[in-house]
Amino acid sequence: MKKPTSKTLLLITFLLLTIYFTDTPIQAQNETEPISTHYVFPDFVIGSVKMKYGLTEEAVMDYNMLTEEMIFEKNGGRLAMDKLDKIDTVYIESRKFIPHDKVFYEVLVNDRVALFIQHKCNLLPAGSPAGYGGTSETSATTSLSMLINSGSMYKLKLPSEYHVTDASQFWIRRDNTFYKANSNSQILKIFPEKSKEIKQFIKQNNLNIKNTEDLITLVNKCNELIR
């Protein structure tokens, strides 16, 4: 029998190593599958709606960041909650949402100084860039209309030709007034009498205001400072 050459042995070794390190099959991505979501939760789940007149109702729901509506399932379809002025709080998986004007804010800190996040996103149709990180208003509006007409607006996933970017906003409520809280300067304006202490706290703890957990930490500190 002819002895295998060194090149043959090297090839066999390479093939064995390849098999060893790729024992988990790799599946090719189906390009026709939806690739992005525009909901807060990955799936519709049972939540409860507390009404201002005391009644609590349950429904399978999720929050649509694109339309900024609380969507619930009924009779095999999906509908947006209306009459928000009659709703006190929506509870989904231990998270709380309150109606504000025509949208919902999620409650992050419920204290004298309260913190909220307004979940929202921007629609980005593929192949329609308009500068860095955006699309033209015309193309976005056209795509939005197409999604509405096709019935895709309330589906959990968008078609692959669309994707979204997060455009959520933070809000602080102090003395029943809502203030934007998306930068250090905006937050300092809310607490002018404590600006020095807040600046020092941000610096000492290396807080990033765009990070939700860091912002929660800062708002809790603000509550301590104004007590």
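Excluded from the calculations below are hydrogen atoms, water molecules and symmetry mates; all remaining heavy atoms, backbone and side chain alike, are included.
- Contact annotation: the side chain of V90 approaches that of M61 to within less than 4.5 Å [non-hydrogen atoms, C-beta and beyond].
- Every residue was checked against the side-chain hydrogen bond (donor to acceptor under 3.5 Å, both in side chains) condition with Q200, not counting sequence neighbours, and none meets it.
- Connection of I98 to I87 is established within a shared hydrophobic cluster, with ILVMFWY side chains joined at heavy-atom distances below 4.5 Å, either directly or through further cluster members.
- Considering CG of N110 and OG1 of T89, their distance stands at 9.0 Å, rounded to 0.5 Å.
- Counting only heavy atoms from C-beta outward, the side chains of R173 and V107 never approach each other to under 4.5 Å.
- The two residues S48 and T56 make their nearest non-hydrogen contact at CB-CG2, 3.9 Å.
- The minimum heavy-atom distance between F41 and D62, with the atom names listed, is O-OD2, 2.7 Å.
- The side-chain hydrogen bond (donor to acceptor under 3.5 Å, both in side chains) search around N182 returns Q169, not counting sequence neighbours.
- When every heavy atom of E197 is checked against every heavy atom of E193, the shortest pair comes out as OE1-O, 4.2 Å.
- Taking CD of E68 as the start and OH of Y105 as the end, the distance is 8.0 Å to the nearest 0.5 Å.
- Across all non-hydrogen atoms, the minimal contact from Y63 to E69 is CD1-O, 3.3 Å.
- Atom CD1 of I226 sits in a crowded spot, with more than 12 heavy atoms from other residues, nucleotides or ligands closer than 6.0 Å.
- Taking CG from N122 and OG1 from T165, the interatomic distance works out to 4.5 Å, rounded to the nearest 0.5 Å.
- Here SG of C222 is found 10.5 Å from NZ of K194. Values are rounded to the nearest 0.5 Å.
- In this structure the side chain of N205 never reaches within 4.5 angstrom of the side chain of T217, judged on heavy atoms.
- Classified by interplanar angle (parallel below 30°, tilted 30° to 60°, perpendicular above 60°), the ring pair F178/H100 is tilted.
- Smallest separation of non-hydrogen atoms from L156 and P42: CD2-O, 2.9 Å.
- With H38 contributing its side chain and M153 its backbone, the two residues share a donor-acceptor pair below 3.5 Å.
- One N or O on the side chain of N64 and one on the backbone of L66 form a donor-acceptor pair closer than 3.5 Å.
- For the pair L215 and I187, the minimum side-chain heavy-atom distance is below 4.5 Å.
- Taking hydrophobic clusters as Ile, Leu, Val, Met, Phe, Trp and Tyr residues chained together by side-chain heavy-atom distances below 4.5 Å, I190 shares a cluster with L108.
- Proximity of M70 to V49: side-chain heavy atoms (C-beta onward) are nowhere separated by under 4.5 Å.
- The salt bridge (charged side-chain N to carboxylate O under 4.0 Å, His left out) contacts involving residues 200-221 comprise K221-E224, where partners must be two or more places apart or lie in separate chains.
- Shortest non-hydrogen contact noted between L84 and D101 is CD1-O, 4.1 Å.
- Looking at Y39, its side chain does come within 3.5 Å of a backbone N or O of Y154 through a donor-acceptor pair.
- With hydrophobic clusters built from ILVMFWY side chains whose heavy atoms lie under 4.5 angstrom apart, F170 shares a cluster with I198.
- Put simply, the side chain of N223 reaches to within 4.5 Å of the side chain of V109, judged on heavy atoms.
- Every residue was checked against the salt bridge (charged side-chain N to carboxylate O under 4.0 Å, His left out) condition with E93, not counting sequence neighbours, and none meets it.
- Distance alone, capped at 3.5 Å, places no donor-acceptor pair between the D88 side chain and the K50 backbone.
- Remark: T177 engages no residue in a side-chain hydrogen bond (donor to acceptor under 3.5 Å, both in side chains) (not counting sequence neighbours).
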Margin query: Between M81 and F72, is the side chain to side chain contact (heavy atoms under 4.5 Å, CB included) condition met? List the steps.
Written below: CA-CA 7 Å; M81 288 186 185; F72 66 98; 3.7 Å; yes

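- Grouping the Ile, Leu, Val, Met, Phe, Trp and Tyr side chains by contacts below 4.5 angstrom, directly or via other members, places L55 with I92.
- Grouping the Ile, Leu, Val, Met, Phe, Trp and Tyr side chains by contacts below 4.5 angstrom, directly or via other members, places F191 with I216.
- Counting heavy atoms of neighbouring residues, nucleotides and ligands inside a 6.0 Å radius, atom NZ of K199 does not exceed 12 of them.
- Rounding to the nearest 0.5 angstrom, the gap separating the CG atom in L79 from the CD1 atom in I71 is 8.0 Å.
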Note to self: Walk me through whether K120 and V103 qualify under side chain to side chain contact (heavy atoms under 4.5 Å, CB included).
What the structure shows: CA-CA 10 Å; K120 57 191 301 184; V103 302; over 6 Å; no

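- Screening residues 71-87 for salt bridge (charged side-chain N to carboxylate O under 4.0 Å, His left out), with sequence neighbours left out, gives E73-R78.
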